[in-house]
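Hydrogens, waters and symmetry mates are skipped; everything else that's a heavy atom, side chains included, is used.
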Amino acid sequence: MSYVGKNIRKIRTVKKLSQAAFAELFGLARPSVGAYEEGRSEPKMETLIQIAHHFGLSVDLLLTKELTVNELYHFDIFRQEAAPEAPATPAAAEADRLAQLTPFVPADRLLEYIVQHHNTAFIDALPPLTFPHQLGPATRAFEIVGAEMQHQQQGLRHQDVVLCCRVDKATATLRPGRIYAFVTQNSLLVRRLSERLPANVLRLRADNPDYGAQEFALEQALEIWEVKAVFTTHLRPPSRIEDRVTRLERQVEELLARLDG
């Protein structure tokens, strides 16, 4: 299995290159870059060599390992242009000071968010959502990808949007049974906390029983958010029991109407 498509996308994100700009660097058509990233095709060997040479990587790394954002920053060419590390107590984004304003992170911008999560200008530029809540400032809305937290038509569905409150990483007061969103170097992990183990390790589980429990080290989390609410466009149809009760109620109403007549 080749990881070149995923690595190209991460390189573009770190270097802040559009697909068109990346294509121009190597004499490619922009749709070709999209096809690489979506896994529909792969670059020719000469193009791979050009990409690897340009960004100071090896062809072997591009093909055989899914590089993390953190690993990319360890290469000199990325470190040169990397943003300075965030201060110990960074200034809050304007959006995080407004109680009713929630920055929205759609699925197609998650990788960008991972790279820029400490950049206040980036946070303020995210699409703003306003929900009627009393959660206070510093909230996020994330688009869910996958069905790991859905079971028997209940729970979080694919493309639902979860509304979350920030959890301070320094204290990390986490409660078993609650759902948390962990921003890591590669993804957004949304799981229910089963228990807290020694050495700052969490046992997490998906609500979908087809997915097993997993252990997660707190140090892997760039940010921690507690899921407080969900916005969904999926309307659950009535169950068989609810449908039968509705029919019975209608029949009783019709019977009473005939008796009154």
Side-chain angles (χ1 to χ4, degrees), residues 5-6 9 13 34 37-40 95-96 98-114 116-117 122-123 125-167 174-184 186-194 202-214 216 221-251:
K6 292 181 178 180
R9 186 178 178 212
T13 301
E37 295 182 359
E38 293 166 12
R40 291 184 282 111
D96 286 340
L98 302 175
Q100 297 299 319
L101 186 63
T102 298
F104 172 49
V105 184
D108 61 3
R109 297 193 67 184
L110 177 61
L111 187 58
E112 190 181 0
Y113 179 83
I114 290 172
Q116 304 270 8
H117 70 279
F122 172 79
I123 299 302
L126 285 170
L129 300 180
T130 53
F131 291 105
H133 63 73
Q134 303 295 324
L135 301 177
T139 56
R140 290 288 183 278
F142 295 101
E143 182 182 1
I144 295 292
V145 175
E148 292 93 333
M149 297 301 291
Q150 179 187 344
H151 181 51
Q152 295 182 347
Q153 304 301 315
Q154 302 290 331
L156 306 179
R157 295 172 177 261
H158 179 63
Q159 295 185 324
D160 280 355
V161 175
V162 290
L163 174 62
C164 309
C165 284
R166 187 193 301 278
V167 175
L174 306 174
R175 301 179 182 178
R178 299 197 177 184
I179 299 176
Y180 295 93
F182 301 92
V183 178
T184 74
N186 289 307
S187 64
L188 177 72
L189 179 66
V190 179
R191 290 290 188 274
R192 193 178 299 277
L193 176 62
S194 284
L202 308 177
R203 177 166 288 129
L204 307 175
R205 65 176 176 84
D207 285 356
N208 186 333
D210 292 336
Y211 295 83
Q214 64 187 97
F216 178 83
L222 302 176
E223 292 183 328
I224 305 173
W225 300 87
E226 183 178 350
V227 176
K228 292 290 190 178
V230 59
F231 171 79
T232 182
T233 57
H234 299 280
L235 298 179
R236 185 173 63 88
S239 67
R240 289 184 177 181
I241 292 177
E242 290 171 337
D243 194 39
R244 289 175 62 187
V245 169
T246 300
R247 287 204 307 271
L248 285 171
E249 289 176 342
R250 188 165 55 246
Q251 290 170 357

- Is D96 salt-bridged to R166, going by a charged N under 4.0 Å from an acidic O? yes

- Within the side chain of H158, is there an N or O that forms a donor-acceptor pair under 3.5 Å with the backbone of G146? yes

- Query: Yes or no on side chain to side chain contact (heavy atoms under 4.5 Å, CB included) for L189 and Q214, after CA distance, side-chain angles and deciding distance?
  - Reply: CA-CA 11 Å; L189 179 66; Q214 64 187 97; 3.8 Å; yes

- Is there a side-chain contact between L222 and H117, using heavy atoms and a 4.5 Å cut-off? yes

- Side-chain (R192) to main-chain (G177) donor-acceptor, under 3.5 angstrom: yes

- Is there side-chain contact between Y211 and H151, with at least one heavy-atom pair below 4.5 Å? no

- Message: Rounded at 0.5 Å granularity, tell me how far CG in L174 sits from CZ in F182.
- Response: 6.0 Å

- Item | Gap separating the CG atom of N208 from the CD atom of Q152, nearest 0.5 angstrom | 10.0 Å

- Query: Is the backbone of P106 close enough, under 3.5 Å, to the side chain of E143 for a donor and an acceptor to pair up by distance?
  - Reply: no

- Task: First locate atom OG1 of T184, then atom CD1 of I114, and finally report the distance between them rounded to the nearest 0.5 Å.
- Result: 5.5 Å

- Atom pair CD/CG of Q100 and L135 - distance to nearest 0.5 Å: 8.5 Å

- Message: Does any part of the side chain of L126, heavy atoms only, come nearer than 4.5 Å to the side chain of R109, both counted from C-beta?
- Response: yes

- Salt bridge between R178 and E226, side-chain N to carboxylate O under 4.0 Å? yes

- Message: Would you say the rings of F142 and F104 are close, in the sense that their centroids are separated by under 6.0 Å?
- Response: no

- Task: Spell out, as yes or no, whether a donor-acceptor pair under 3.5 Å connects the side chain of T232 to the backbone of H234.
- Result: yes

- Task: Apply the side chain to side chain contact (heavy atoms under 4.5 Å, CB included) test between L188 and each candidate in V183, L111, V162; give the one that qualifies.
- Result: V183

- Considering only heavy atoms from C-beta outward, does the side chain of R203 approach that of F216 to under 4.5 Å? no

- Query: Quick one: which of L193, L204, V227 gives a side chain to side chain contact (heavy atoms under 4.5 Å, CB included) with I179?
  - Reply: V227

- Between T139 and P103 the two heavy atoms that sit nearest each other are O-CD, 3.2 Å

- Task: Any chance you could measure K228, atom NZ, to C165, atom SG, to the nearest 0.5 Å?
- Result: 5.5 Å

- Message: Counting C-beta onward and ignoring hydrogens, is there a side-chain heavy-atom pair between V167 and Y180 closer than 4.5 Å?
- Response: yes

- Looking only at side chains, do R140 and Y113 share a donor and an acceptor under 3.5 Å apart? yes

